Amino acid sequence: MPKRTYVTTPIYYVNSVPHIGTTLTTVIADICTRYRALCGDEVAFTTGTDENGTKVMEAAIQKGKTPKEHTDEISQAFRDVFAAMNIQYTDFIRTTEDRHRVAVHQFFNILRDAGHVYLGKYEGWYDVSSETFYKETDLVDGKSPDGNEVRWVEEENWFFRLSAFEEQLLAKIASDPKFLLPETRKNEVVSFIKQGLRDMCITRKNPGWGITVPGDDSRIFYVWFDALISYLASTGWPGEGWENTWPADVHWMAKEIYTRFHATLWPAMLMGAGLPLPKSIIAHGWFTFGDAKMSKSKGNIIAPLELAEEIIAKTGCDHEVAIDAVRFVLARLLPAEGDTNFTRAEVDKHYNADLANDLGNALNRSLSMAHKFAEGKIPTGSVEPAMTAAIERAKADYASAMDVLRVDKAVDAACELVRFLNKYIDDRAPWALAKSGDTSLPDVLLSMLASLRTSEQLIRPIMPTVADRIAAQLNLPAQTDFADASLPAGTELGEPKPIFPRIDPKKAQELTVMETTPTTPPPAPVAAESNFITIEDFAKVQLKVARVLEAEPIEGSDKLLKLQVVIGEERRQVVAGIKANYAPIDLVGRQVIIVYNLKPAKLRGVESQGMLLAATDADGGAILLQPDREAPEGTGVK
RNA sequence: GGCGGCGUAGCUCAGUUGGUUAGAGCAAACGGUUCAUACCCGUUAGGUCGGUGGUUCAAGUCCACUCGCCGCUACCA
């Protein structure tokens, strides 16, 4: 049995439901898999959910559920979205499954027997919520860089000798240009490794939810250590038959989990275990929204299924087509190198231009002409050389793009052929040929149909349903591989029927208004109920009106200003991170709202005795709150 | 601070190893066409290719410096 082509997405962490980013990664991986299947490969495509770790347990408790109930629920939400997006994974692995635990244990045992792990003492600051250790110097104001609480821990833990693999990793990266993609990420990894790798602490004290270390229930594995092994566990390793699937051909992911984990830790783990390395590890960038990064806290997350609903509302297309359109836009806008701005306007633009005007219309007008000028049958004749050349070029461009995992470029190549077809039609003007009785008419019509048949092939991995619709309108069987693109003469063609109705500008307008107004808040947080505070809780916060007397920058700080404020009779010093948005001179004399009873803290060595209230703009900048009219300093605020 | 990248037409971006008039898509204007989902096709952009200075017969394309932005990574206050 030939080895299967094996594609993976990361297993997704179950702390929230899937958004456009997870959908992007998964759709892209799905497209790659479908492409390889059409090339004739046996394929395996694994996605799944990462369900271990303290955070998961805490989230479950907060919801009043068991971790099992909680993870079942969220994991199902991922499967639902993936099903809706027509993702054809062949395996969905959950890190709470037995097969995964077995693989993790076996992997650890191999590393231990080979001497690649050792028991050592860990001292440091530990951020429970991200399960990460920090050095003293990493801390910001006594908290983790992300602003989470940390606590000092001294634990005996297992360490993986990551430091021992520097040279092997660099050698592998240097010798195999397709191993780490894209190039810019590879460079980052190389410089990361060259700075020196530290051994990685791969266990934690057992908080009650995770995979325990073999023979030692007091510790569980660090989530990343176990999560990576899921790629292997999915193949059946260490049982029978895993060699049919492993090594993976492509690990797809977003950039934030690339350098430290997939491009460094994971290959080193495999080297340590004596297992083959994946062929390609590739990261894409992020979608940004306007100028802001898409994030839950900004409430600007676009949910893929909502996007499909919006397309339906704007166009009246049916559900499957809308899903395919979303897949198409995701692929077309794939942030291959950097980040890509992802807006509804961008989505609409590509829907109308590429799908409705170009592809949809080309199919429609071609079929219509075949009915008018060739009795609705595939004519007998031969494809004209110009069209043959265009088809061959499109196929070649498409294949070479897919081979280096540039799905966006492959989409370009497919669009290019459609544009050529439209131009060709105008050039050859079949309606004129029909009028004059020109004998080349059948060849021209056949060329048009051949082009569409190729388009059907090329878009199939991206828009499987649409490809089927095209085949149906041509009244030909859907293509099952890239070799088959036959056009049997005499075949009765189907009736032309628009697949992509154009976006109705009026409807789009109405929906766009929604976009600018504060959009729907992010999907109800998992623990919505328990996020409420009581009026008594709120009363604990004392807010007061203050006036700025002096303001000056703090030396060596990009963000901080030191302010002297007066609150009634009292004068206080407050440090505020508003330097980017406010010049000291503009602040003097201004009234502000401060949190009066906040515990003083030192920022950059400067004592801050309160906090200014400010909103955050799209760029993360500060927008100070100010009383609507002057109020005596010291006035309470509620 | 170190490493890397980016800055090209209104917008999104292409531009091979330096070589005739710097390209595509979208938007806009004008024209054409009628098979088609008011679609499609063609023409139109006078862009000092961030800035300055070099190398060269020749630079968007190499070098230096510089401004702005970003990524990774480190670290100081």
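Chain letters run A, B, ... following the sequence lines, proteins first, then strands; residues in each count from 1. Note that the structure is a prediction, hence the values are computed from the model and not measured.
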All side-chain hydrogen bond (donor to acceptor under 3.5 Å, both in side chains) counterparts of N187(A), not counting sequence neighbours:
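For N187(A), no residue satisfies side-chain hydrogen bond (donor to acceptor under 3.5 Å, both in side chains) once neighbours in sequence are set aside.
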
Could you pull out all residues at least two apart from R185(A) that satisfy side-chain hydrogen bond (donor to acceptor under 3.5 Å, both in side chains)?
E188(A)

Which whole number of Å gives the distance between the [atom1] atom of [N] and that of [M]?
N	M	atom1	answer
G53(B)	G47(B)	C1'	23 Å
A27(B)	G10(B)	C1'	8 Å
G54(B)	U16(B)	C1'	25 Å
G60(B)	A9(B)	C1'	14 Å
C35(B)	U43(B)	C1'	23 Å
U61(B)	A22(B)	P	15 Å
G4(B)	C26(B)	C1'	31 Å
G18(B)	A24(B)	P	24 Å

Under a 3.5 Å limit for both distances, which nucleotide forms a Watson-Crick or G-U wobble pair with [N], could you say?
N	answer
U17(B)	none
G60(B)	none
C3(B)	G71(B)
C65(B)	G51(B)
G42(B)	C30(B)
U37(B)	none
C11(B)	G25(B)

With B for base contact, S for sugar-phosphate-only contact and - for none (protein heavy atoms under 4.0 Å), nucleotides 4-14 of chain B reads -----------

Start at the 5' end of RNA chain B and walk down; is the nucleotide closest to D426(A) or to H350(A) reached first?
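Between the two, 5'-proximity favours H350(A).
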
Judged by each residue's nearest nucleotide on RNA chain B, which is more toward the 5′ side, V189(A) or E416(A)?
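Looking at RNA chain B, the more 5' nearest nucleotide goes with E416(A).
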
Identify the two heavy atoms, one from G285(A) and one from L24(A), that lie closest to each other, and give their separation to 0.1 Å.
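It is O-CD2, 4.4 Å.
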
For [X] and [N], give me the distance from atom [atom1] to atom [atom2], rounded to whole Å.
X	N	atom1	atom2	value
M448(A)	C41(B)	CE	P	13 Å
W431(A)	G32(B)	CH2	P	16 Å
N422(A)	C39(B)	CG	P	13 Å
K186(A)	C3(B)	NZ	P	19 Å
Q195(A)	C75(B)	CD	C1'	11 Å
E495(A)	A36(B)	CD	P	13 Å
E183(A)	C3(B)	CD	C1'	14 Å
D412(A)	C26(B)	CG	P	12 Å

Does NZ or CZ of K186(A) fall inside the cone over F179(A)'s six-membered ring, less than 6.0 Å from its centre and within 45° of the axis?
no

With a non-hydrogen cut-off below 4.0 angstrom, is P501(A) in contact with a base, only sugar-phosphate, or nothing?
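Base contact.
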
Classify R428(A) by what it touches in the nucleic acid, base, sugar-phosphate, or nothing, heavy-atom distance under 4.0 Å.
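Nothing, no nucleic acid heavy atom in range.
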
Pair listing, ring-ring contact (aromatic ring centres under 6.0 Å, His included) test, anchored in residues 349-386 of chain A, at least two apart
Y351(A)-F500(A)

Is the closest side-chain heavy-atom distance between M200(A) and S163(A) below 4.5 Å?
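No. Closest side-chain heavy atoms not under 4.5 Å.
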
Once you round to the nearest 0.5 Å, how far does CG of N341(A) lie from CZ of F287(A)?
10.0 Å

Which value, rounded to the nearest 0.5 Å, describes the distance between I503(A) atom CD1 and I311(A) atom CD1?
7.0 Å

I'd like a table of donor-acceptor pairs (distance under 3.5 Å, sequence neighbours excluded) in which one partner is a side-chain atom from residues 374-386 of chain A, with atom names and distances.
unit_1  : atom_1 : unit_2  : atom_2 : d
E384(A) : OE1    : Y424(A) : OH     : 2.7
E384(A) : OE1    : R428(A) : NE     : 2.9
E384(A) : OE2    : R428(A) : NH2    : 2.8

Given C41(B), G71(B), A38(B), identify the nucleotide with an atom nearest to the side chain of R185(A).
G71(B)

Within residues 354-393 of chain A, find the residues that approach RNA chain B with a heavy atom at under 4.0 Å, and present them sorted by residue number.
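When residues 354-393 of chain A is checked for heavy atoms under 4.0 Å from RNA chain B, the hits, listed by number, are A356(A), N357(A), D358(A), G360(A), N361(A), N364(A), R365(A), S368(A), M369(A), K372(A).
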
Strictly below 4.0 Å: does R419(A) bring a side-chain N or O up to OP1 or OP2 of A24(B)?
no

Are any of the side-chain nitrogens in D397(A) or K409(A) under 4.0 Å away from the carboxylate oxygens of its partner?
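Salt bridge flag = no for K409(A) with D397(A).
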
D408(A) with R332(A): basic N within carboxylate O range, under 4.0 Å
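Result for this pair is no, no salt bridge flagged.
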
Sub-6.0 Å ring centroid separation between F160(A) and Y222(A):
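Here the rings of Y222(A) and F160(A) have centres that are no less than 6.0 Å from each other.
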
